[in-house]
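Taking it in order: structure first as structure tokens, then the write-up.
Counting starts at 1 for both ligands and their atoms, in listed order. Any value given below was found using the heavy atoms of this structure, including those in side chains, with hydrogens, waters and symmetry copies removed. Note that the structure is a prediction, hence the values are computed from the model and not measured.
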Amino acid sequence: MKIVTILGARPQFIKAGSVSREIGKLRDRGENIQEVLVHTGQHYDANMSDVFFEEMRIPKPDYFLGIGGKSHGEMTGQMIEKIEKVLINETPDWVLVYGDTNSTLAGAIAASKLKIKIAHVEAGLRSYNMAMPEEINRILTDRISNALFCPTQKAMDNINSEAYKEWNFSTEAYLCGDVMLDGALFYKKLSQKPTDLKVDRKFVLCTLHRAENTDDINRISQIIDALSIIAQEVDVILPLHPRTKKVIEKFGLNTDKLVIIDPVGYLNMVWLIDNCKLVMTDSGGLQKEAFFFGKHCLTMRDETEWVELVDNGFNILVGASKDQILKNYYSADFNNDFSINLYGDGKASYSIIKTLQKYQFGKLIHD
Ligand code: UD1
Ligand code: UDP
């Protein structure tokens, strides 16, 4: 079985790291399985890309397309064109895509035009906010995929409610658990404190990059104001995404009270999550990682795809109003019992590859 994996953005390196490791193990055991890695170049700074390949021992990409820092249409269009050439050259059995970025959509469209089977990891997630570029990317990708790997029961329910079978008889959805849990469990024991970071007191770990916050000066200003007030009593450590850095510089926002650091690699990130008092974020992946490490999360968005975290009292949606953020920071009533299983058994990657191996000529061969 030959898989072409399409990657491009930070969360995809982290997700694919676990699946590539599983593929490597199966190959070492003599199974006939080959993975070709295509890096679109969507994220390109060393600390947004190379560091993950090095630390997580992800094989060096076979193709690097160098398409980053462009408008959505230009980026996605150029990716489709270049990925198509790779697929014609490689003739894989599967194209494997992750999540909801422009790289995900480009990989899926290029494969669908060539009638190559598509596997979508993190299928079925919905925010029901069509203003998010990610929502468009994930819905379109799900629609043209053949194997939909759903991390949660809610994601399965979403797929089942969208009449996939009526549209595409070759689509199958699987509840496989979350590949990010595989990674969190594996890397926990390898985590490292960021070398130059001074940590003298309790800290809140914060990340911010979501377009709906960074592209709205009112939202980003209120978030920074709220974080600056919180920073009077605890350190607020903010590994700064390049997108947010540009906005802070452009509008001259005052971040003096915050501990701003460059984006960190995954081993440092796991240490920060494991040692923080609370996570405050607009990231998708970090909401789940907070839960994996027994931490509560305030999500600075108006909705989330990871609704089970909110429903079970581990995460609160606080939007981007300063008052709402502060009110919840000081008086949130969280659930402290993290024993519930929401994301599977940490073996999602294995289950995904084994499922792909059971397909033959477009049909799933059941045991
Ligand atoms: C993208 C994804 C988002 C995901 C996020 C993960 C889309 C539509 N969005 O958002 O779903 O949550 O990645 O982090 O695909 N930049 C750099 N250096 C880099 C990477 C980006 O300077 O290494 C700059 C770009 O030039 C651009 C900005 O950051 O100006 C945004 O990058 P882009 O990849 O378009 O979107 P993200 O906000 O990173
Ligand atoms: N992350 C990281 N270093 C950082 C910030 C985030 O390794 O400086 C990790 C984080 O732990 C999670 C992933 O990046 O595994 C989430 O990526 P991001 O927030 O960029 O994207 P999203 O999940 O929102 O799509």
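If you check which protein heavy atom lies closest to atom 21 (O) of ligand 2, you get P11 CG, 3.4 Å. The protein non-hydrogen atom at the shortest distance from atom 20 (C) of ligand 1 is H43 CD2, 3.3 Å. The protein heavy atom nearest to atom 5 (C) of ligand 1 is H209 NE2, 3.6 Å. Among all protein heavy atoms, the one lying closest to atom 33 (P) of ligand 1 is Q42 NE2, 4.0 Å. Summary of contacts: the protein heavy atom closest to atom 22 (O) of ligand 1 is Y44 OH, 3.1 Å.
Under the 3.5 Å distance criterion, the side-chain polar atoms of S127 are left unmatched by any main-chain donor or acceptor of E305. At least one donor-acceptor pair closer than 3.5 Å links the side chain of R301 to the backbone N or O of E303.
For ligand 2, the atoms closer than 4.0 angstrom to any heavy atom of G284 are 22 (P), 23 (O), 24 (O). Below 4.0 Å from some heavy atom of F52 lie the following atoms of ligand 2, by number and element: 7 (O). Near M75, the atoms of ligand 1 lying under 4.0 angstrom from a non-hydrogen atom of the residue are 35 (O). The ligand atoms of ligand 2 that sit less than 4.0 angstrom from a heavy atom of H209 are 18 (P), 19 (O), 20 (O), 21 (O), 24 (O). Listed by number with element, the atoms of ligand 2 under 4.0 angstrom from any heavy atom of P239 are 8 (O). Interface of P263 with ligand 2, defined as ligand atoms under 4.0 Å from a residue heavy atom, comprises 8 (O). The K246 neighbourhood of ligand 1 comprises atoms 24 (C), 25 (C), 26 (O), 27 (C), 30 (O), with distances under 4.0 Å to a heavy atom of that residue.
Remark: E22 pairs with K25 by the side chain to side chain donor-acceptor pair (under 3.5 Å) rule, at least two apart or across chains.
When the options D282, I14, N268, V51 are ranked by their closest heavy atom to atom 14 (O) of ligand 2, first place goes to I14.
Only the side chain of E289 comes within 4.0 Å of ligand 2, counting heavy atoms alone; its backbone N, CA, C and O stay farther away. Contacts between E134 and ligand 1, counted as non-hydrogen atom pairs separated by less than 4.0 Å, involve the side chain only. Contacts between P11 and ligand 1, counted as non-hydrogen atom pairs separated by less than 4.0 Å, involve the side chain only. Of the heavy atoms in R243, both backbone and side-chain atoms come closer than 4.0 Å to ligand 1.
Geometrically, ligand 1 and H241 share a nitrogen or oxygen pair separated by less than 3.5 Å. Checked by distance only, ligand 2 and V264 come closer than 3.5 Å through their nitrogen or oxygen atoms. The N/O atoms of T207, backbone and side chain alike, include none that comes under 3.5 Å of an N/O atom in ligand 2. By the 3.5 Å distance cut-off applied to N or O atoms, H72 is not counted among the residues near ligand 1.
By the 4.0 Å heavy-atom criterion, E134 is excluded from the residues contacting ligand 2.
Through chains of ILVMFWY side-chain contacts below 4.5 Å, V310 is grouped with L317.
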